[in-house]
S.K.: 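What follows is a single structure, and I will ask about it in a moment.
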Amino acid sequence: MRTRVAPSPTGTPHIGTAYVALFNQAFARRHGGRFVLRIEDTDRTRSSPKWEVALIEALRWLGVAWDEGPDIGGDFGPYRQSERLSIYRDHVDRLVKEGGAYPCFCSSERLEELRKRQAQEKASIQGYDGLCASISSAEAKRRIDAGETYVIRMRVPREGECVFRDRFRGEIRIPWNQIDHQVLMKSDGYPTYHLANVVDDHLMRITHVIRGEEWISSAPKHVLLYSLFGWQPPEFAHLPLLRNPDKTKLSKRRNPTSILYYRDAGYLPEALSNYLCLMGYSRSDGREIFSLREMFEDFDIDRISLGGPIFDLNKLASFNAQYIRHLSPDELVLRLAQWRLNCDYWRRIVPLAQPRLQRLGDFVPMAAFLFADRLNYRVEDLLGPTKDQIRVAELLKIGQWELEKVENWEKDRLREVFEKIAVIEQIKLKSALTPFFVAICGSAVSLPLFESMEILGRDLSLRRLIYAQELLLAAGHGVQGRELKELQSRYERAYGAQE
RNA sequence: GCGCCCAUCGUCUAUCGGACAGGACAUCAGGUUUUCAUCCUGGUAAGGGGGGUUCGACUCCCCCUGGGCGCGCCA
């Protein structure tokens, strides 16, 4: 019995990844199987080794432990898809040769137009129109040899329906005409998710694919690939999606989604993992507080319920408090030190604080904001001398967007970001910075901003920007709805598209 | 627009045809505590609507409604 979690390192480690990982690990452990970590870094533009490092760090912190993975190896490696390109190439060649896939020469412009037209016509069948599907192989070869760029697409049956089983839901039927002629190999020679995922799951002998519900509608693509290759498909089990309070799929807009945020904000890993294990799952004995070890001991995958659970920060906080209370004082001291109350962390702060200290006792209040999660300040502080409240809200939003793009979270890079914003927004850097000072430090009188943000860390810093915007919104000064949309398009034009 | 998935307290959930529908978080009230927190006691609070099946439906079936997800050379 083998399970896997297959995240792509394209951003800060997501809580949803940890959620899925935990259930995969639980299932493997419970049945004496193996649990694999595979890095799906086939998107060259968005993947980064930095994010992979962060991902592994975050999962380990939470208590996720894989038996095979890029960092520890295993019998079915490599476990990083960017190192398996020739494997995908061979497999896709085979598919083309056998007729299950075909080269497509359509330009992205044509595809875009096609999509636009279909959207306008509200066509019931969306997706690729199959223009290149009928090109003869001789003709295709000629065009490839002539140097035309192309992708490889999957040939999908025109009629009938795909029938497959989901462990929780039973039989699922999806009409084939709903399934796009999926690109399997991009023009850069990299595979897409669907191809790489199926090939690897087979080669890595994955027996149970436990993943998020968002994959149900593309499962037919995977089922088809298994059958084209003549492989036995694994058992599918689609977990419910973690939700925001408004029921939409968990997103950083409305919730902290970075695992590292929870670590830095002072959540205990065992409290977070415990809480995550309760999302859509319950033990038969009804106990809610239990360790990962206990989870793995008697995990019963069929006790998973399907309603999308709302991620409730309140209950998580209460769990966290319980875990903290059950620590002995000595253990708590240790935990605090492992967190931020340690010399290494102080050493980073001291150079900033020292010139500003009159007495030693000034240090703690001065640095307190570097240990907190949410800060207490008033809307007026945030607005500062400006009369233009909307402008402040916009600045914070733009700052958030720009900062989210930053990979190297260090002071000089942060300074560049704000300088860029000041230039584009045509305001003095100093006045542009005011709301950020308050959002990050809790006051306009504080330690230097960029250094503080660097020390605070990416996830907590970004979170504070969101807190500030929430406060503004609650006071009626926020940017939302249509205005937000307009701001976003203006932002994308002025600053370059995001993601 | 098309397809698919889902549906019990505000939230996470138990129930797998017969119970006053249970627990947890939140909330309210009371008690312990020099304050607060903890802790203890108690309370409010739920099966979306309509049809079936059945002696009997939260539970099984159908329809409606509602919510979600998907429809990229992203995963």
Side-chain angles (χ1 to χ4, degrees), chain A residues 6-11 14 16-17 39-47 81 104-108 111-112 114-115 118-128 149-153 161-162 164 166 168-170 172-180 182-197 211-221 238-250 275-289 302-322 324-326 499:
Chain A
S8 76
T10 55
H14 199 276
T17 302
I39 300 294
E40 308 224 325
D41 56 348
T42 55
D43 183 342
R44 285 162 101 181
T45 59
R46 293 200 304 149
S47 297
Q81 290 186 327
C104 167
F105 302 91
C106 292
S107 67
S108 46
L111 296 175
E112 207 169 301
L114 183 67
R115 260 192 293 274
Q118 288 172 341
Q120 257 170 17
E121 290 170 356
K122 303 194 169 178
S124 65
I125 296 174
Q126 307 235 336
Y128 187 61
T149 62
Y150 66 99
V151 300
I152 304 293
R153 283 183 187 274
E161 53 186 15
C162 176
F164 64 98
D166 174 273
F168 309 131
R169 284 160 263 256
I172 294 177
R173 299 164 168 273
I174 296 177
W176 280 120
N177 66 21
Q178 291 295 321
I179 307 302
D180 198 7
Q182 181 63 45
V183 170
L184 299 177
M185 185 72 77
K186 308 175 215 175
S187 56
D188 65 2
Y190 275 58
T192 58
Y193 166 84
H194 304 280
L195 198 244
N197 190 267
R211 54 163 26 165
E213 195 179 19
E214 75 235 78
W215 294 108
I216 290 181
S217 31
S218 46
K221 293 172 185 172
H238 291 93
L239 260 18
L241 253 29
L242 262 24
R243 312 282 189 95
N244 296 313
D246 67 0
K247 296 269 192 188
T248 53
K249 178 163 88 165
L250 195 69
Y275 180 66
L276 247 17
C277 286
L278 248 32
M279 305 262 67
Y281 182 70
S282 65
R283 295 168 56 94
S284 55
D285 64 11
R287 273 177 58 210
E288 292 200 332
I289 301 282
D302 295 311
R303 288 189 59 84
I304 286 174
S305 63
L306 297 179
I310 291 171
F311 192 86
D312 181 10
L313 279 168
N314 233 328
K315 184 155 178 172
L316 170 61
S318 144
F319 269 46
N320 201 55
Q322 284 190 60
I324 287 178
R325 267 182 254 124
H326 287 143
E499 290 188 324

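Throughout, a chain's letter reflects where its sequence line sits, starting with A, and its residues are numbered from 1.
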S.K.: Which whole number of Å gives the distance between the P atom of B:U11 and that of B:G48?
M.R.: 12 Å
S.K.: For the side chain of A:K247, starting at C-beta, report the closest nucleotide among B:C2, B:C69, B:U11.
M.R.: B:U11
S.K.: Is any N or O donor-acceptor pair between the side chain of A:R46 and the base of B:C74 shorter than 3.5 Å?
M.R.: yes
S.K.: Kindly say if A:T149 contacts the phosphate of B:C73, meaning a side-chain N or O under 4.0 Å from OP1 or OP2.
M.R.: no
S.K.: In whole Å, measure the gap between the P atoms of B:A26 and B:C61 for me.
M.R.: 36 Å
S.K.: Can you check the distance between B:C16 and B:G31, where both ends of the measurement are the C1' atom (answer in whole Å)?
M.R.: 40 Å
S.K.: Check this one for me: any side-chain N or O of A:R303 less than 4.0 Å away from OP1 or OP2 of B:U15?
M.R.: yes
S.K.: Count the heavy atoms belonging to other residues, nucleotides or ligands that lie under 6.0 Å from CD of A:Q322, then report whether that count exceeds 12.
M.R.: yes
S.K.: In whole angstrom, give me the gap between the C1' atoms of B:A29 and B:G22.
M.R.: 22 Å
S.K.: Quick one: is B:A75 close enough that its OP1 or OP2 comes under 4.0 Å of any side-chain N or O from A:T10?
M.R.: no
S.K.: Any base atoms under 4.0 Å from A:E288, or only sugar-phosphate, or nothing? Heavy atoms, all strands.
M.R.: base
S.K.: Using a cut-off of strictly less than 4.0 Å between a heavy atom of the residue and any atom of RNA chain B, enumerate the qualifying residues of residues 311-321 of chain A by number.
M.R.: A:D312, A:N314, A:K315, A:S318
S.K.: I need the single residue from A:R211, A:E213, A:E214 that forms a side chain to side chain donor-acceptor pair (under 3.5 Å) with A:H238. Which is it?
M.R.: A:R211
S.K.: Below 4.0 angstrom, N of the basic side chain to O of the carboxylate: do A:K315 and A:D312 qualify?
M.R.: no
S.K.: Cation-pi check for A:Y128 against A:R153: NZ or CZ below 6.0 Å from the six-membered ring centre and within 45 degrees of the axis, yes or no?
M.R.: yes
S.K.: Got a donor-acceptor pair under 3.5 Å from the side chain of A:S187 to the base of B:C73?
M.R.: yes
S.K.: Give a yes/no on whether any side-chain N or O of A:R115 is located under 4.0 angstrom from OP1 or OP2 of B:C71.
M.R.: no
S.K.: Do the rings of A:Y193 and A:W215 sit parallel, tilted or perpendicular, given the 30° and 60° boundaries?
M.R.: parallel
S.K.: Find every protein N or O atom lying less than 3.5 Å from an N or O atom of nucleotides 61-63 of chain B, and list the pairs.
M.R.:
none

S.K.: Does B:G70 have its OP1 or OP2 closer than 4.0 Å to a side-chain nitrogen or oxygen of A:K221?
M.R.: no
S.K.: Round to a whole Å and report the spacing from CD1 of A:I172 to P of B:G3.
M.R.: 16 Å
S.K.: Identify the pairs formed between an N or O of the protein and an N or O of nucleotides 39-47 of chain B at a distance under 3.5 Å, and give each distance.
M.R.:
unit_1: B:C39; atom_1: OP1; unit_2: A:R325; atom_2: NH1; d: 3.0

S.K.: Quantified in whole Å, what is the C1' atom distance between nucleotide B:C36 and nucleotide B:A19?
M.R.: 41 Å
